[in-house]
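Convention: sequence-line order gives letters A, B, ...; per-chain numbering from 1.
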2 protein chains.
Amino acid sequence: MSNDPAHFCKTILAGTIAKGLQAEVNDGLAKLRKTPHLLGILANDDPAAKVYADWTGKTAKDNGFEYSLRTVGKDDAEETIIAANNDDGVDGIIVYYPIFNNRQDQYLQQIVDLKKDVEGLSHQYIFNMYQNIRFLDDRQMQKSILPCTPLAVIKILEYLHIYNTILPYGNRLFGRTICVVNRSEVVGRPLAALLANDGACVYSVDVTGVQQFTRGEGIRKRKHEIVEKEGWTVENCAPMCDVVITGVPGNKYKFPLHLVKDGAVCINFSSEKNFAPEVKERASIYVPAIGKVTITVLLRNLLRIVQNREALSPESQPTANGES
Amino acid sequence: MSNDPAHFCKTILAGTIAKGLQAEVNDGLAKLRKTPHLLGILANDDPAAKVYADWTGKTAKDNGFEYSLRTVGKDDAEETIIAANNDDGVDGIIVYYPIFNNRQDQYLQQIVDLKKDVEGLSHQYIFNMYQNIRFLDDRQMQKSILPCTPLAVIKILEYLHIYNTILPYGNRLFGRTICVVNRSEVVGRPLAALLANDGACVYSVDVTGVQQFTRGEGIRKRKHEIVEKEGWTVENCAPMCDVVITGVPGNKYKFPLHLVKDGAVCINFSSEKNFAPEVKERASIYVPAIGKVTITVLLRNLLRIVQNREALSPESQPTANGES
């Protein structure tokens with residue numbers, strides 16, 4: 001038996017997890033009448049945004065989707081989105097943010113047609129996510145779209161069997177205690193809400209403090225509620241957690257390893273490494289990065305949007321009564 | 001959505017769990033050269049023992065095994081076991097205890113031939129269980145036999161996905177915290193040891209106190225070690241536990257429900273109901289009894305014993321180096 005102290009931690013790479021999702025996407029794609037076309041809109045001269053746009057394009061094409069990139073100036077982004085909304089040749093739209101890096105970006109996000117919003121950033125999708133409404137229509141034919149990074153984390157937790165399929169759909173995290181370090185509107189807060197809506201007890205941690213997201217004792221409530229944990233820090237909650245998920249930007253932050261419960265599952269969605277390598281001496285499973293899953297989830301959202309459109313018929317209208 | 005407070009607890013009956021194991025046993029049985037013959041030895045005039053003996057017989061026959069029952073006086077038990085050891089027509093022996101209800105019963109348990117001991121009570125099997133040695137031979141062809149009730153609980157935890165198959169075999173409970181209420185030599189202590197050997201942190205509770213069984217931080221140790229938790233009671237450990245397993249005899253005992261962690265998995269192996277029905281208001285999964293799984297595990301042990309014999313060849317000798 002190895003004396004390596006990290007011997008019992010299983011490190012799982014995003015590429016491995018993405019494979020199963022890719023197969024699912026490829027199966028769905030094969031059943032469609034035409035190849036979906038994803039349009040990328042780049043109105044940002046940051047070279048990193050260009051790299052990400054090219055990577056999206058390559059992954060889309062490698063998986064059998066059509067992809068094109070429109071590069072425009074900041075002030076043309078709005079008209080470009082409107083034109084893409086009206087272009088029957090475009091099935092999904094991804095806009096590479098930040099563009100203005102202020103509230104104008106949120107305005108642009110709401111311009112993208114709901115039926116082409118592969119990133120799940122439209123208000124209707126965000127509302128459904130927080131309200132735990134899983135369908136757009138009463139007949140439950142059209143699934144609501146979830147934002148890519150939080151959904152990628154969920155797909156990773158499914159792959160790792162943290163979701164228990166013995167429990168009914170929608171309650172499969174009941175009994176799990178999860179720490180999410182980051183409460184941004186883009187990833188951390190939606191992720192905490194999604195996990196709590198699936199039955200987990202979630203501690204959402206940021207520099208301002210700790211919030212607990214749960215559906216209440218016995219998960220009797222239909223959607224999560226939030227309790228401010230006055231005076232708590234990560235020290236109070238992390239040692240109780242089966243799963244620790246980090247997404248702190250910048251290369252200075254490291255999650256304090258002595259707070260990782262023995263045998264916990266550790267997942268990092270930051271582009272930086274929020275866990276020191278010694279995390280493997282305590283964790284049972286470590287997922288160091290999630291990018292490849294996120295991009296596969298983007299393609300899955302595109303597929304879903306096309307499937308939703310095909311399921312659409314005149315009598316089905318968006319509603320707020322999804323799961324209940 | 002239902003207002004029933006127990007709406008989100010999934011009650012799972014032993015019969016449901018036993019089905020998958022029965023299918024596995026039936027598959028194995030179909031591959032054998034001859035039908036294994038289980039001999040029951042009843043030297044006990046308690047009517048309950050007769051009922052259990054008849055039930056074993058019925059289940060064995062229903063699953064395609066041969067079964068016969070030899071009813072003898074207490075003082076003939078020893079000679080009856082020795083005769084069965086030497087009878088090539090007998091593949092497995094089950095003795096219905098108690099007979100003398102004292103240490104003489106342990107003497108009788110050691111008389112049963114290792115190669116016919118379907119109950120896993122022989123010293124060699126018990127030694128292997130505590131030492132986390134999983135095979136009888138260096139070539140790892142012959143699996144060691146585990147006692148039926150603890151093994152039944154393990155099979156239930158596998159069915160419930162508490163064992164995480166993403167982790168390597170032997171470590172699949174790493175990260176789980178489990179409370180076992182009962183520390184008898186027959187079930188509670190072996191069960192705590194087995195769970196800890198598979199990577200869990202186990203709190204073993206009885207009237208004398210609480211012991212923690214683990215393979216140490218990062219499950220670096222080859223087998224479990226025991227730490228006495230001075231001054232602890234069930235109040236200290238149960239609220240941290242993902243799984244609570246009870247086996248307290250007598251109809252007076254009820255597990256204190258306020259100690260059940262929200263979303264915990266609750267399993268009772270006592271013949272009495274150790275959990276009040278309100279457990280369903282807190283648990284995610286409740287298994288009220290395990291008898292049908294235990295008896296299927298007995299047949300699985302019989303099958304394994306016959307398979308072990310078939311795997312036996314002159315160069316394979318029992319050894320203490322099983323898994324390492």
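Pairing each heavy atom of A:F255 with each of A:A238, the nearest pair is CZ-CB, 3.7 Å.
Using a 4.5 Å cut-off between heavy atoms, A:A283 touches chain B through its backbone atoms (N, CA, C, O) alone. At a 4.5 Å heavy-atom cutoff, the contact between B:I12 and chain A is made by side-chain atoms alone. Heavy atoms of B:D242 lying under 4.5 Å from chain A belong exclusively to its side chain.
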Could you list the donor-acceptor pairs under 3.5 angstrom formed by side chains in residues 148-161 of chain B, with sequence neighbours left out?
residue, atom, partner, partner atom, Å
B:K155, NZ, B:E158, OE1, 3.0
B:H161, ND1, A:N164, OD1, 3.4
B:H161, ND1, A:T165, OG1, 3.3

Show me the side-chain donor-acceptor pairs of residues 13-24 of chain A shorter than 3.5 Å, one per line, residues at least two apart or across chains.
residue, atom, partner, partner atom, Å
A:E24, OE2, A:R300, NE, 2.9
A:E24, OE2, A:R300, NH2, 3.4

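Note: B:E217 leads B:M240, B:E217, B:K261 in heavy-atom pairs under 4.5 Å with chain A. By number of non-hydrogen pairs under 4.5 angstrom with chain B, the leading residue of A:T177, A:N171, A:T214 is A:N171.
Judged by the 6.0 Å distance and 45° axis criteria, A:R189 is positioned over the aromatic ring of A:Y130.
Contacts from residues 224-232 of chain B to chain A, taken as heavy-atom pairs separated by less than 4.5 Å, involve no residues at all.
A distance of 10.0 Å separates CG in B:L195 from CZ in B:F213, rounded to the nearest 0.5 Å.
Every residue was checked against the ring pair (Phe, Tyr, Trp, His ring centres under 6.0 Å) condition with A:Y163, not counting sequence neighbours, and none meets it.
At a threshold of 4.0 Å, the pair A:R134-A:D198 counts as salt-bridged, since one of the basic side-chain nitrogens sits closer than that to a carboxylate oxygen.
In this structure, A:L136 and A:Y125 have side chains that are in contact, with non-hydrogen atoms separated by less than 4.5 Å.
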